[in-house]
Amino acid sequence: MAKPSLDQLLSDLNEPQRQAVVCPGGPLLVLAGAGSGKTRVLTHRVAFLIAAQGVKPDEVLAITFTNKAAVEMKERVESLLGPIARTMWVSTFHAACARILRKEAQQLGYRRNFTIYDAGDQVRVVKQCLKELGLDPKRFPAKGIHSVISSAKNRLLDAEAFGETINNFFDDTVASVYTLYQKKLFANNAMDFDDLLMRTVDLFVRFPDRLEHYQRGFRHILVDEYQDTNHAQYMLVNLLGREHRNICVVGDDDQSIYSWRGADVRNILDFKQDYPEATVIKLEQNYRSTQAILSAANVVISNNGERMSKDLWTDLGEGEPVRVTEVEDEHGEARYVAGEISRLEQKEGIDHGDIAVFYRVNAQSRVLEDLLIRYGIPYRIVGGTKFYERAEIKDALAYLMVLENPSDSVSFSRIVNSPKRGIGAASVAALARFAEAAGISMLDAAARAGDIADLRPAAVKSLENFSVRMADLAGAAANSPVAETLEEVLTSSGYLEALSAERTVEAEGRIENLQEFVGVAEEYDNIHSDGSLREFVQEISLYTDIDKLTEVERAITLMTLHNAKGLEFPVVFIIGAEEGVFPHSRSMEEQNLDEERRLCYVGMTRAKKRLYFTYATTRNLYGSRNYNLASRFLGELPGDLVAFEQIRPARTRFGGGFGGQAGFFDEGECAEGGNEAEASLNETPSFFNVGDKVVHATFGEGVITGVERGGTVAVRFSVDGSERKLMVDYAPLRKA
DNA sequence: GAACGCCGTGTTTTT
DNA sequence: CACGGCGTTC
């Protein structure tokens with residue numbers, strides 16, 4: 001492919017964007033407001049460096065927040081430069097570190113086939129440690145301990161250094177667990193996610209020649225989402241960039257929403273102090289949202305304390321006011337959202353695929369899902385339980401990991417009795433003791449089960465069989481494509497057989513997931529014709545989201561506000577805007593409201609054309625009913641940008657009333673907006689219209705013959721020709 | 001060793 | 001409400 005001309009690279013950029021792209025070198029901070037073309041700047045800058053500055057692709061290290069973002073960025077640069085771009089390092093911090101550590105592991109006493117443990121594995125190891133140390137898991141919950149260890153690692157404190165910082169009894173205990181935990185990881189030839197960062201820093205500190213090697217190599221370092229980096233990542237950037245000082249960081253302090261997992265906004269706020277000679281460029285022109293949405297978002301975020309001042313503007317026009325709707329409860333909320341979605345589709349031709357609903361906690365999605373299913377509105381959920389976190393996938397992967405790294409006792413323990421082989425906790429413990437004493441892996445110990453005194457004969461037999469089976473699998477794996485190995489594992493282990501024997505819907509689902517996993521392996525084999533099981537396992541353990549290409553067309557998108565970062569939709573609903581839900585009660589206790597407000601800002605700025613907020617006067621969450629005030633964030637919205645509406649339940653039409661609700665309209669800020677007053681007295685719009693074809697859970701197919709007041713419809717059922725009156729809210733009725 | 005049932009608990013999530 | 005962890009029972 002021909003090199004792009006400079007004109008091509010620089011066309012369609014506004015002035016600050018252009019400056020950021022052509023900045024020749026040195027530290028550069030790009031403060032990129034939401035929707036300001038950040039990705040465009042990043043990709044064009046990389047292309048510019050290579051095409052116009054004589055930088056070689058493999059001298060560029062570009063860091064993204066997710067694997068998905070890395071793939072997208074690579075593709076975009078490739079479309080500008082052609083295949084030469086392939087040698088660039090574009091990845092997450094974790095993937096880049098893993099790549100470095102695979103090369104350098106021996107320096108740290110690890111073997112290069114080390115296993116990477118995810119959060120679940122980490123907690124398992126912590127539990128083992130607690131047991132061995134005789135600690136009460138009630139007083140010292142594994143999850144809590146793990147999170148303290150993790151945050152210590154993110155601050156680059158090893159067990160010893162952490163031990164010196166302790167100021168309470170709990171941390172004292174954590175320190176002893178931490179020490180043992182790390183010992184175990186090392187014995188298993190395993191690193192956890194945090195280790196990938198910490199060990200790499202460790203490598204660079206202890207072996208200056210290795211640091212020098214990589215410093216020289218990376219002439220340019222670019223970091224996206226810099227506001228969400230933690231201390232370890234900060235150190236990596238600083239160490240690697242020290243030689244050339246060509247560090248370009250891109251981010252938005254107003255979108256920092258991950259402090260609870262170690263991200264430190266100070267990294268971006270202090271960049272100018274760290275690099276006094278840094279160029280700072282602000283991108284404030286927004287190409288995504290209407291002015292009304294932007295102004296509202298600007299006002300909300302302006303309530304935060306320390307921030308780098310920034311004011312987004314757009315020339316896309318004023319647009320519609322932000323709609324704020326009070327509903328009775330979570331069911332009314334769901335009905336309202338579904339009703340608006342139908343209305344938008346019918347009256348304005350807005351496709352379902354253009355609509356997203358954001359909520360603060362995953363639990364909020366259920367009620368909405370139930371209703372969407374009933375109304376026959378297609379939806380997809382982003383996030384939730386991850387594919388690679390499902391038990392069956394982790395089991396399958398654990399088999400592969402043991403084949404690949406037999407020292408990995410965590411994976412071994414996971415699969416040795418899965419499917420059930422009559423090897424219970426007691427036998428596993430005996431095996432572990434033996435392996436430890438003999439200084440061999442648990443897999444090797446299983447082969448010598450006969451030598452272990454505490455095992456019952458049945459367990460010995462079973463372990464020996466297991467060991468032989470694994471040896472066979474390892475032999476077969478050596479020369480087979482990954483997908484074949486995986487299938488062999490699933491059948492020969494009896495895993496699939498055990499699942500199909502269950503004959504439940506859940507088991508069916510699990511089998512389907514496993515088939516999809518085989519599909520992933522096949523895909524891998526196709527791309528890497530000479531790929532090995534080792535590479536597959538190593539790659540997959542850093543990859544956690546699978547919803548890659550499976551985008552369902554014409555479905556509305558449901559996700560948490562955190563998952564919404566980086567996305568955009570013409571229509572956005574933010575539901576559950578209530579004190580205690582959003583902002584979340586726990587953030588309120590911890591005085592972490594600034595971050596909640598940033599989360600609100602992130603959510604609002606995802607909307608291109610229309611933005612809706614809903615709040616319920618009462619909500620059932622976690623099985624108990626709450627009466628919440630409207631979110632303070634709504635109170636912060638300026639009245640002239642808002643259209644307020646109140647959906648009142650048909651049953652209590654003359655009950656209840658105004659005024660009880662504190663929050664955003666108690667300062668008389670309610671919008672005047674023409675027809676809104678009329679809308680506020682309306683009942684929930686009906687989803688069913690005369691003539692609609694419907695399906696009832698017990699009566700089967702039918703057609704709507706009448707729509708009555710109070711949420712009642714008449715339905716003629718084809719099965720027996722009967723006509724029945726049904727309450728829409730309670731009848732198991734959906735559109736056909 | 002496994003199945004059942006009780007109790008407690010409950011943000012956000014990528015790697 | 002819903003799930004996971006743990007203790008009891010067969």
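Numbered from 1 within each chain, the chains take letters A, B, ... in sequence-line order.
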key: Plane angle bin for A/Trp89 and A/Tyr214 - parallel if under 30°, tilted between 30 and 60°, otherwise perpendicular   =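 Perpendicular, since the angle between the ring planes exceeds 60°.
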ask   = Which class fits the ring pair A/Tyr110 and A/Phe114: parallel under 30°, tilted 30 to 60°, perpendicular over 60°?
value =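 Taking A/Phe114 first and then A/Tyr110, their aromatic rings stand perpendicular (interplane angle over 60°).
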May I have the distance from [X] (atom [atom1]) to [N] (atom [atom2]), rounded to whole angstrom?
{"X": "A/Asp121", "N": "B/dT15", "atom1": "CG", "atom2": "C1'", "answer": "13 Å"}
{"X": "A/Arg390", "N": "C/dC3", "atom1": "CZ", "atom2": "P", "answer": "13 Å"}
{"X": "A/Asp192", "N": "B/dT14", "atom1": "CG", "atom2": "C1'", "answer": "14 Å"}
{"X": "A/Glu369", "N": "C/dC1", "atom1": "CD", "atom2": "P", "answer": "18 Å"}
{"X": "A/Asp370", "N": "C/dC1", "atom1": "CG", "atom2": "C1'", "answer": "12 Å"}
{"X": "A/Arg139", "N": "C/dG5", "atom1": "CZ", "atom2": "C1'", "answer": "19 Å"}
{"X": "A/Ile116", "N": "B/dT14", "atom1": "CD1", "atom2": "P", "answer": "17 Å"}
{"X": "A/His331", "N": "C/dC1", "atom1": "NE2", "atom2": "P", "answer": "11 Å"}

query = What is the nucleic acid contact for A/Phe93, judged by heavy atoms within less than 4.0 Å: base, sugar-phosphate only, or nothing?
reply =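 The answer is nothing, as A/Phe93 stays clear of every strand by at least 4.0 Å.
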N-glycosidic conformation, B/dT12 - syn within 90 degrees of 0, else anti =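 Classified anti.
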query = Is there a side-chain contact between A/Val482 and A/His528 (heavy atoms, below 4.5 Å)?
reply =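 The answer is no; the side chains never approach within 4.5 Å.
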Give a yes/no answer on whether the side chain of [X] brings an N or O atom under 4.0 Å of OP1 or OP2 in [N].
{"X": "A/Asn417", "N": "B/dA2", "answer": "yes"}
{"X": "A/Lys127", "N": "C/dG5", "answer": "yes"}
{"X": "A/Asn620", "N": "C/dC1", "answer": "no"}

Residue from [options] passing side-chain contact (heavy atoms from CB on, under 4.5 Å) with [X]:
{"X": "A/Asn154", "options": "A/Asp264, A/Ile149, A/Asp194, A/Thr229", "result": "A/Asp194"}
{"X": "A/Tyr234", "options": "A/Asn230, A/Asn238, A/Val237, A/Leu236", "result": "A/Asn238"}
{"X": "A/Pro583", "options": "A/Asn592, A/Leu599, A/Leu593", "result": "A/Leu593"}

ask   = Relative to the 5' end of DNA chain B, which residue comes earlier, A/Ile423 or A/Ala119, by the nucleotide with the nearest heavy atom?
value =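 The residue mapped nearer the 5' terminus is A/Ile423.
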task = Taking the six-membered ring for Trp and the full ring for Phe, Tyr or His, determine whether the centres of A/Phe358 and A/Phe582 are under 6.0 Å apart.
result =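 That pair fails the under 6.0 Å test.
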request  = Quick one, give me the B/S/- string for nucleotides 8-13 of chain B, reading 5' to 3', where B means a protein heavy atom under 4.0 Å from the base and S means that only happens at the primed atoms, P, OP1 or OP2.
outcome  = --BBBB
request  = Counting heavy atoms from C-beta on, name the nucleotide in B/dT15, B/dA2, C/dA2 closest to the side chain of A/Lys420.
outcome  =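 Closest nucleotide to the A/Lys420 side chain: B/dA2.
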